[in-house]
Visitor: 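I am attaching a structure below and will ask some questions about it afterwards.
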Amino acid sequence: ALNMAVHNNFPEGIRGMDISLMSDNGCQPTSTSFMKECKLLEINQSFTSYNNPKGNADTERMMRTIKEECLWLEQWQSLQEIQSKLSAWIHEYNTEYLHMALNWNTPQSVHETDNKTLRKTLLNVA
């Protein structure tokens with residue numbers, strides 16, 4: 001997921017861009033392999049504090065939305081069926097789902113705007 005996110009948002013690469021990643025203290029972001037990958041990609045890891053539900057509220061809300069609007073609605077016959085449905089749902093969520101918290105924009109439009117701003121800032125610094 002980390003490599004896919006980096007490739008999708010920064011196809012030219014991120015080394016030397018001083019990128020930071022905020023995550024919780026769960027087993028995936030604290031795993032040896034994930035931490036090694038972050039180090040290889042020169043991603044600075046930051047973690048939310050323990051027992052701080054608001055520190056990871058956006059991620060937790062996203063997971064709840066996936067469960068309520070996609071995963072819990074059907075009885076699945078195979079892993080491939082889940083993967084296909086989940087991929088389609090995530091694509092729709094990112095490209096069509098309007099969010100009040102994003103000023104009624106889609107996640108994709110916000111990311112594109114943020115990435116353009118970040119690239120301009122980095123080019124002006126370099």
Visitor: Report yes if the side chains of Met35 and Thr32 come closer than 4.5 Å at any heavy-atom pair, otherwise no.
Guide: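 No, every pair of side-chain atoms sits at 4.5 Å or beyond.
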Visitor: How does the hydrophobic cluster around Leu98 look, that is, which other residues are in it when side-chain heavy atoms under 4.5 Å mark a link?
Guide: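 Direct or chained contacts put Leu98 with Met100, Trp104.
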Visitor: How many angstroms lie between atom NZ of Lys67 and atom CZ of Arg64, to the nearest 0.5 angstrom?
Guide: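 Interatomic distance, Lys67 NZ to Arg64 CZ, rounded to 0.5 Å: 10.5 Å.
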Visitor: Could you please spell out the steps behind the side-chain contact (heavy atoms from CB on, under 4.5 Å) verdict for Arg61 and Thr65?
Guide: CA-CA 6 Å; Arg61 182 62 180 113; Thr65 302; 3.2 Å; yes
Visitor: For a 4.5 angstrom cut-off between non-hydrogen side-chain atoms, does Leu41 reach Ile19?
Guide: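 No, side chains not in contact.
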Visitor: For a 4.5 angstrom cut-off between non-hydrogen side-chain atoms, does Ile14 reach Glu42?
Guide: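 No - every pair of side-chain heavy atoms lies 4.5 Å or more apart.
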Visitor: Measure the CZ-CD1 distance between Arg15 and Ile43 for me, rounded to the nearest 0.5 Å.
Guide: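 These two atoms lie 9.5 Å from each other.
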Visitor: With rounding to the nearest 0.5 angstrom, report the NE2 to CG distance, His111 to Asn8.
Guide: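 If I round to the nearest 0.5 Å, the distance is 10.5 Å.
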Visitor: Does Tyr97 have any ring-ring contact (aromatic ring centres under 6.0 Å, His included) partners at least two apart in sequence or in another chain, and if so, which?
Guide: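 Only Tyr93, His99 meet the ring-ring contact (aromatic ring centres under 6.0 Å, His included) criterion with Tyr97.
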Visitor: Check Leu102 against Asn105 and note the closest heavy-atom contact, atom names and distance.
Guide: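 Between these two residues, the closest heavy atoms are O-ND2, 2.9 Å.
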Visitor: So Ile66 and Met62, do their side chains get closer than 4.5 Å, heavy atoms only?
Guide: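 Yes. Closest side-chain heavy atoms under 4.5 Å.
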Visitor: For Thr48, does its backbone N or O pair with a side-chain atom of Asn25 as donor and acceptor, under 3.5 Å?
Guide: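 At least one qualifying donor-acceptor pair exists.
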Visitor: Under the side-chain contact (heavy atoms from CB on, under 4.5 Å) rule, what do Phe10 and Glu12 come out as? Steps first, then yes or no, please.
Guide: CA-CA 5 Å; Phe10 301 96; Glu12 69 283 351; 4.1 Å; yes
Visitor: Can you tell if the side chain of Gln108 reaches within under 4.5 Å of the side chain of Glu112, non-hydrogen atoms only?
Guide: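 Yes, side chains in contact.
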Visitor: Do Trp76 and Ile90 share a hydrophobic cluster (ILVMFWY, side-chain heavy atoms under 4.5 Å, transitive)?
Guide: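 Yes.
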Visitor: Looking at side-chain heavy atoms only, is the closest gap between Leu73 and Trp89 below 4.5 Å?
Guide: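 Sidechains of Trp89 and Leu73: no contact.
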Visitor: Extract all donor-acceptor atom pairs below 3.5 Å that involve side chains of residues 78-87 and protein atoms in other chains or at least two apart in sequence.
Guide:
from	atom 1	to	atom 2	distance (Å)
Ser78	OG	Glu81	N	3.1
Glu81	OE1	Gln77	N	2.8
Lys85	NZ	Glu74	OE2	3.2
Ser87	OG	Gln83	O	3.0

